[in-house]
Structures are given as C-alpha cells and as structure tokens.
Amino acid sequence: MRKQETKREIGLFYAIMIALNGAVGIEVFVLLNYAVFLAGPAVVLSLLLSGTINILTMLSFCELGAAIPEVGGDYTYAKVAYGGVIAFLIGWLRWISSTFGATLAAIGFAALLTYFIPVNIPLIAVAIVIVFTLISVRGIKEADAATVLIALAILTAFVVFGLGHGFQPRAFQPFTPKGLPGIFAATTYSFVMFIGARATVAAASRIKEPGKNVPRAILFSSLVIVILYCLMAYVTVGFTPKGDLLNPDFPFLTQAAKVIMGDVGGALITIAGMFAAITSLTTSMMVQSSIVRGLSRDGYFPKFLLTRHKRFGTPHIAIIINSAFLVLFAATGVIQFVGYVAGFAALTGFALVNLTLIKLRKEKPLLKRPFKAPLYPFAPILGIIMSIALLVFVEASASILMFEFIVLALIVYYLRMTGFHRLRVAVGGINLGLVGFMALLLYLTEIGLVPLAIPSPVLYALIFILLVYTLAGILNLLTKVR
Amino acid sequence: MRLGDLQMKIRAILALVVGLIQSIIGVLTIGFAYVLNYNDGVRKFFKTMLDIERPIEEVLPVFLLLIITFGFFSIISGLLLIHEWRKLR
C-alpha cells in the first residue's frame, strides 16, 4: 500500500478551478427542466433559496476546511467533533450523495445525447459508467481548467444573449402557478445544482495556505454559480411558450438556447452539458472512492478496499465496487428519482455539517480557525432548519430509499460497534420472527380470515421460504463464530 | 472422523446452502421490487393477488419499502451464514 501524498501544491487559481469543476456540473443541464415544471417562472426564487441555503452551509465548510485541512472533508470534521455514529453517518451520506451524483451524470449524458441521435438512455448510461470506471482505474486528472472555462463561457453567452433578446409575451405571468409547495419542491429538487463547490474541501490537504485559499475558492465559486444559475433560469423561463410550462418532459433549456442562438445554440448548450456530465462523473467517482477508503481506513468497511493497483497506483477495488452500484442505479435511467435521492442525501449531510460547526465552536474554542464563519450561530442554525424543512418536499419513493440507506448505515455501524456475535443473534431472532409472522398470515389466509388469492406456485414458494428462514434463524442463533 | 468434527462439517455445509439460498432469495426479491416498480403487468398481478382496492400507485411505495427491506435483510442474513461457513471449513 502506498502512503498518501499530502504535499501542498495547489494555488488559489487551481483551487477555484476545483471548486468550479465541482459546481458547474451536469445538474443544471438535466434538473433545471423539471424544476421549471415544478415552480413555473418562480423557479428563479427556488434557485435563489437553494443557493442561499447552500452559501450558509458553505460558510461552515469554509471554517471547517480552513481549520481542519485534512483528507476526508466533512467526514473528518464530524469525526473530530462527534466521532462515532454521526461521523459515520456523514461519511455514508456523502458516499450516497456522490454515488447518485455520478449516476445523475451518467444518465444526464445519455439524455443529452438524444439531442443528436436517438439512443437507449439506460444502456448508454451503463456503458458510460463502465468506460469511466476503466479510465478511473488507470488514473485521471482532478480538474481540467479548460473544460470548466469552456462550459462557463457557453453558459455566460446563453445568459448575455438571452438578456439582450426579447422574451415571450407575458412569460412571467402567473409567477407562481403552483404556489409555495411548487417553489419549495423545486428548491429541494434543484439543491444538488449548488453543492459541488464542497469538492474543494476534499482537496484541502493539498492546497497552499488552506486558511485563506479554501474559503476564497468555495465562496467565490458559490457566488458565481448562484448568480449564473438564477440568471439562466430567468432567461429559460423568458423564452418558454406559456403552454409548455405544464409539460414535465419539455427541454426548456435547450429550447431557449435554440430561440436565442439558433440551432447552433441548442447544440452548444447540449455539448456543454455533455462535457459537464463527464467532469461530474469523474469528480463524483473520485469523491466516492475517497470516502470509501476513509471509511475502510477507520474499520467500517473491509480493509481490502484500501488496496492500490500495482501499476497505476489507483484504488482499483474501491473504484470497481463503487461502479457496480453506479451501474445498478444508472440502469433505471430515471433522472427525477436520482435527482431527488441526491438532493435528500446532500440536504441531510449539509444539516449535519452545520451541526458539526456548532459543536466544534462550543467544545473546541481554542482550535485554530484561519477563517471564522460570519453570523454565527444564526447562519448554521438557519442552514440546519432550512435543510431539514426542505426534506418534506422530496418525492416519496426517494425518501423511502434514503430511509433504507440510513437504516443500512446504522446496521453497518452497529455491526462494528456491538460485536459480531450479538448481531448474529439479532439476525437469527428476526428470521424466526419473520417465519412466525408469515406462517400466521398463511394460516389466516387458508381459513379465509385474510382475503388473499395466493396461487399454488406462490404458496409452495412461500412454504419453501419459511423452511429456509427457519433454518437460517436457528443457525444464526446458535452461531459458533464470534 | 470424530463426532464433533462431523457435526461441525454438517453445520458448515448447512450454513453454506442456507446462506446461498437466502442470499439468492434476497437478490430475487430486490429484482422483483424493481420489476414491480416498472412493469404494469406485474403490478396488476400483485394488485389482484393481494386484493387491493385502492389504486396501486398509492400503496406501491409502502410495498416496495417492505419488499426491499426484506430483500436486504435476506442478503445480510445469507452473507452472515456464508461467512460462518468460511470460518468453519
């Protein structure tokens, strides 16, 4: 295993490029459309609200990133402040957030490709994940300044030409067609558009003068992104024919670009989106593997995930296992669902980062803080309240999946903390409990008290499952392995 | 071979077989949840079998939660048994 390099070699410009590389991602290209559908012209307010919550939390990231410029970012801060389950949960949520961020990039790339040629979106999304897994195993650069600057230039041109063009008549009336629920739903949905600047803290251990450069890079890129995206939303709505605002599948952004700059505009925006998808995918894959390695280093995940490739020096096992999850989620091809899950994970993670800041200010007042978040404690408290409040507007199926991920996180954590033997006994008990419940249900169905029409093959399958689970329960309860 | 060793061997084989079957059931269950979410035909069959009166879209998230939880639990339980087999063999 190679020792991790921590030489500080990144200056302010490249730190800003890393922040912008994370911030100018695929999200705005694929999520803006549905956000416009959710909130109508008020999507501008939704993005402003999202951006404000994001900046409030970015202030916390700045303070923590400057005070603890170590590998692992938010996970490391939580470890210093809380240790235990909270730190693990933050690491876990960060992993989920980057997993779904990468999935969104893969699906987004495939969806944008349909602008040029008709393709099967899930198939292309899976293919792109496989290709970039192979590239990541060989090793990739962290941020390409040219790609970031080209994408920014195209988006700025879209805004500048758009503002100079005549909008659709009465494009902004009614301003809030779906009321406050629509605005908040779009805020939640669009939240992940703004979170990318935190990628800087992941590289904080290699940034020169982190006390100054980390906050500058994060705040500068966050402000640029909030202003740019709000203007993009404003221009997009301005060029959308009124009736199309009711169509959730309408490509608002490319359509607006076409009106403003002709066919070249539509193609340019799509190409910028595809570039952004590739940078988002590679950044998210790097963050994903870095978090997994951090969790492995601390014993939550198996140690073999730390292994590096003999020739390329990359954490190939962590990359390949992470990619297996990406393939699974990319195969759904559903942008909205993936967007909501990524948003949920990011919002929960942001609330926990703000909590970490408060805890560290209270318990480690002497910690050297080259940057102090202004408006303390109001900014982090407001960040927590707003993040949690927005979770209400996440789509039900995405909330359920996240609930399951959190339960799984707690199981993994307690597997490490409570000891293997007690976990086996608990699993054995649950197995037998399930058997008892299913047997009772089948009995009640047989005597007609529960009106289930179970076909014979399903009934035999259920009886087989009962037998297997009984044996599994007994074997787990009487385990010899400690 | 001593009786204790034989018992241990039988136990290890049983743990492997049951663990594998349980893990496969878990994977198939999650696959079923995936199909149930996206395939209208399977949804109709499911609705008829469970005699659900409300529109399936309303109750589907709860069923998906239960099915996926069951699937994950089965995989975890199965993997624990396979782990036992690896330690005992």
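Order of the sequence lines sets the chain letters (A, B, ...), proteins ahead of strands, with each chain counted from 1. Keep in mind the model is a prediction, meaning the values are calculated, not measured.
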Who among B:Val17, B:Asn37, B:Ile68 has the most heavy-atom pairs with chain A under 4.5 Å?
B:Ile68
Please list, one pair per line, the donor and acceptor atoms closer than 3.5 Å that link side chains of residues 463-478 of chain A to other protein atoms, with sequence neighbours excluded.
| unit_1 | atom_1 | unit_2 | atom_2 | d |
| --- | --- | --- | --- | --- |
| A:Tyr469 | OH | B:Ser74 | OG | 2.3 |
| A:Thr470 | OG1 | A:Leu466 | O | 2.6 |
| A:Asn476 | OD1 | A:Arg424 | NE | 2.6 |
| A:Asn476 | OD1 | A:Arg424 | NH2 | 3.1 |
| A:Asn476 | ND2 | A:Ala472 | O | 3.1 |
| A:Asn476 | ND2 | B:Ser77 | OG | 3.2 |

Closest non-hydrogen atoms of A:Ala331 and B:Tyr34, given as atom of the first, atom of the second and distance, are O-OH, 3.3 Å
With sequence neighbours left out, the residues meeting side-chain contact (heavy atoms from CB on, under 4.5 Å) with A:Ile400 are A:Glu404, B:Pro61, B:Leu65
Take atom [atom1] of [X] as the centre, draw a 6.0 Å sphere, and report whether it contains more than 12 heavy atoms from other residues, nucleotides or ligands.
| X | atom1 | value |
| --- | --- | --- |
| A:Tyr413 | OH | yes |
| A:Phe304 | CZ | yes |
| B:Tyr38 | OH | yes |

For chain B, which residues from residues 99-109 of chain A lie under 4.5 Å away (heavy-atom distances)?
none
Taking 4.5 Å as the heavy-atom cut-off, does anything in residues 19-30 of chain B contact chain A, and if so which residues?
B:Ile21, B:Gln22, B:Ile25
For the atom pair CZ (B:Phe73) and CG (A:Leu434), what is the distance rounded to the nearest 0.5 Å?
5.5 Å
Approximate separation, where rounding is to 0.5 Å, of A:Leu408 CG and B:Phe72 CZ:
6.0 Å
What part of B:Ile76 is in contact with chain A, defined as an atom under 4.5 angstrom from a non-hydrogen atom: side chain, backbone, both or neither?
side chain
